[in-house]
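The structure appears right after this line, and notes come after that.
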Amino acid sequence: MKITSFTPSVLLAALVSVALAAPSPAPQAPQRSRPGALIPHQHDIQDVQIDLAIVSALERLFQNGGLQVDGTSGVLSLPDYSALEARSMAITPDELIKRQAIATRNDLINGLCAEIVIIYARGTSGEGNLGAALGPTFINQVAAAKPGKVIGQGVLPYAATVLGYLAGGDPTGANSMVTLIQRANTQCPGSKIVLGGYSQGAQVVHLAVGKLATTLYSKIAAIVTFGDPKRDEAFPTALQSKALVICNDGDLICDGLPIILGPHGAAEYEKRLSEAVSFVVSKV
């Protein structure tokens, strides 16, 4: 790859390219403490830091459309980073605030109620408390199908870091989702609650449901997860029929592997929002 400008994003692209191209040790079979839960192998500190940096970089690249995978060969490519850098530099402070606003919903925390309350956990490194696109669009499309009957709430506090993903989901995020469910039940007793999450956010949904008092199961109308690392872990029997797990073919994150390829991109899951919305509407 010919680099003509050493801008931060170009250097990032170069580093990721080198990391992807570098030879790696023969893979060992992953250890599991329970179905779908990986225990990372022991590395020295430097290796762990490199691994986390690569995963974080790839996550951000996919979210910004900067990393692509050839559907036939499976080859990763890093397209026109000069254009990506220009697009990034062109974002004004006002536009950044607007993007953060779109990626954030605090309807429940702000005291609102509606017939349907959607509580959503974003993916790793996602903006705001919903993420930049998939989360807000999911809520907006359900709201369009049920005009005037939907409010949205992103999970917080929830750091959505790579370490949280590697741990099987951020425990703080899971506790926060439980707290929000309890708040929805108290604040809006007549409402139906919909839980949603993408990638690590899906892990958070699984963890939260596992912590939830069974007396609140009847309040959960639907659960939708996208790119779910815990796809093979069933929800409690009373909730299983209310759950929809959406995983794209070739999404290795759904197979429990910490490998981000094109099918895991949020934009790819946006193409399947009609499935998610139809499911939710059928349950509420």
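Counting begins at 1 with the first residue of the sequence.
Shown here are the side chain to side chain donor-acceptor pair (under 3.5 Å) partners of K211, two or more places apart in sequence or in another chain: N175. Checked against salt bridge (charged side-chain N to carboxylate O under 4.0 Å, His left out), R272 has the following partners two or more places apart in sequence or in another chain: E275. Applying the side chain to side chain donor-acceptor pair (under 3.5 Å) criterion to N140, with sequence neighbours excluded, gives no partner residue. Take S278 and apply the side chain to side chain contact (heavy atoms under 4.5 Å, CB included) test, not counting sequence neighbours, and it matches no residue. By the side chain to side chain donor-acceptor pair (under 3.5 Å) test, D251 is found to be paired with H264, Y269, residues two or more places apart in sequence or in another chain being considered. With sequence neighbours excluded, the residues satisfying side chain to side chain donor-acceptor pair (under 3.5 Å) with Q200 are T124. Residues meeting the ring-ring contact (aromatic ring centres under 6.0 Å, His included) test with F235, sequence neighbours left out: H206. Applying the side chain to side chain contact (heavy atoms under 4.5 Å, CB included) test to P157 and every residue at least two apart in sequence or in another chain returns T172, S176.
The shortest non-hydrogen separation linking G123 to S199 is CA-CB, 4.2 Å. For the pair P236 and Y217, the tightest heavy-atom approach, listed with the atom from each and the gap, is CG-OH, 3.4 Å. The shortest non-hydrogen separation linking G164 to Q203 is O-OE1, 4.2 Å. Residues Y158 and A121 come closest through the heavy atom pair CE2-CB, 4.1 Å. Contact detail for P229 and G227: the closest heavy-atom pair is CD-O, 3.2 Å.
Among residues at least two apart or in separate chains, there is no salt bridge (Lys or Arg N to Asp or Glu O under 4.0 Å) pair with a member in residues 170-197. Under the ring-ring contact (aromatic ring centres under 6.0 Å, His included) criterion, the residue pairs touching residues 132-157 are F138-F226, with sequence neighbours excluded. The disulfide bond (SG atoms under 2.5 Å apart) contacts involving residues 231-284 comprise C247-C254, where partners must be two or more places apart or lie in separate chains. Judged as a ring-ring contact (aromatic ring centres under 6.0 Å, His included), not a single pair has a partner in residues 118-137 (not counting sequence neighbours).
V277 and I118 fall within the same hydrophobic cluster, defined by Ile, Leu, Val, Met, Phe, Trp and Tyr side-chain heavy atoms under 4.5 Å apart, directly or through other members. Placement of I139 and I223 in two distinct hydrophobic clusters is found when ILVMFWY residues are connected by side-chain heavy-atom separations under 4.5 Å, directly or transitively. Linking Ile, Leu, Val, Met, Phe, Trp and Tyr residues whenever their side-chain heavy atoms come within less than 4.5 Å leaves L166 and V204 in two separate clusters. Linking Ile, Leu, Val, Met, Phe, Trp and Tyr residues whenever their side-chain heavy atoms come within less than 4.5 Å leaves L216 and L207 in two separate clusters. Hydrophobic clustering of Ile, Leu, Val, Met, Phe, Trp and Tyr side chains at less than 4.5 Å, counting indirect connections, keeps V205 apart from I253.
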Stepwise salt bridge (charged side-chain N to carboxylate O under 4.0 Å, His left out) check, D228 with K230: CA-CA 5 Å; D228 189 344; K230 294 179 178 284; over 6 Å; no
Show the numbers, then the answer: is there a side chain to side chain contact (heavy atoms under 4.5 Å, CB included) between R122 and L130? CA-CA 5 Å; R122 70 195 188 281; L130 293 175; 5.5 Å; no
Verify side chain to side chain contact (heavy atoms under 4.5 Å, CB included) between V178 and Q182, making sure each step is shown before the conclusion. CA-CA 6 Å; V178 170; Q182 293 168 338; 3.7 Å; yes
Side chain to side chain contact (heavy atoms under 4.5 Å, CB included) between I119 and V194, worked out: CA-CA 6 Å; I119 302 174; V194 175; over 6 Å; no
Test side chain to side chain contact (heavy atoms under 4.5 Å, CB included) applied to I220 and L195, step by step: CA-CA 8 Å; I220 308 300; L195 305 180; 4.2 Å; yes
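To the nearest 0.5 Å, atom CG of residue L156 and atom CG of residue L180 are 7.0 Å apart. Separation of atoms NZ (K146) and CD (E115) is listed at 6.5 Å; rounding is to 0.5 Å. Atoms CD and CG, from E268 and L134 in turn, are 11.5 Å apart once rounded to the nearest 0.5 Å.
With contacts defined as side-chain heavy-atom distances shorter than 4.5 Å, the pair I246/T225 does not qualify.
Put simply, the side chain of S191 never gets that close to the backbone of V117: no donor and acceptor are under 3.5 Å apart. A donor-acceptor contact shorter than 3.5 Å links the side chain of K219 to the backbone of P189.
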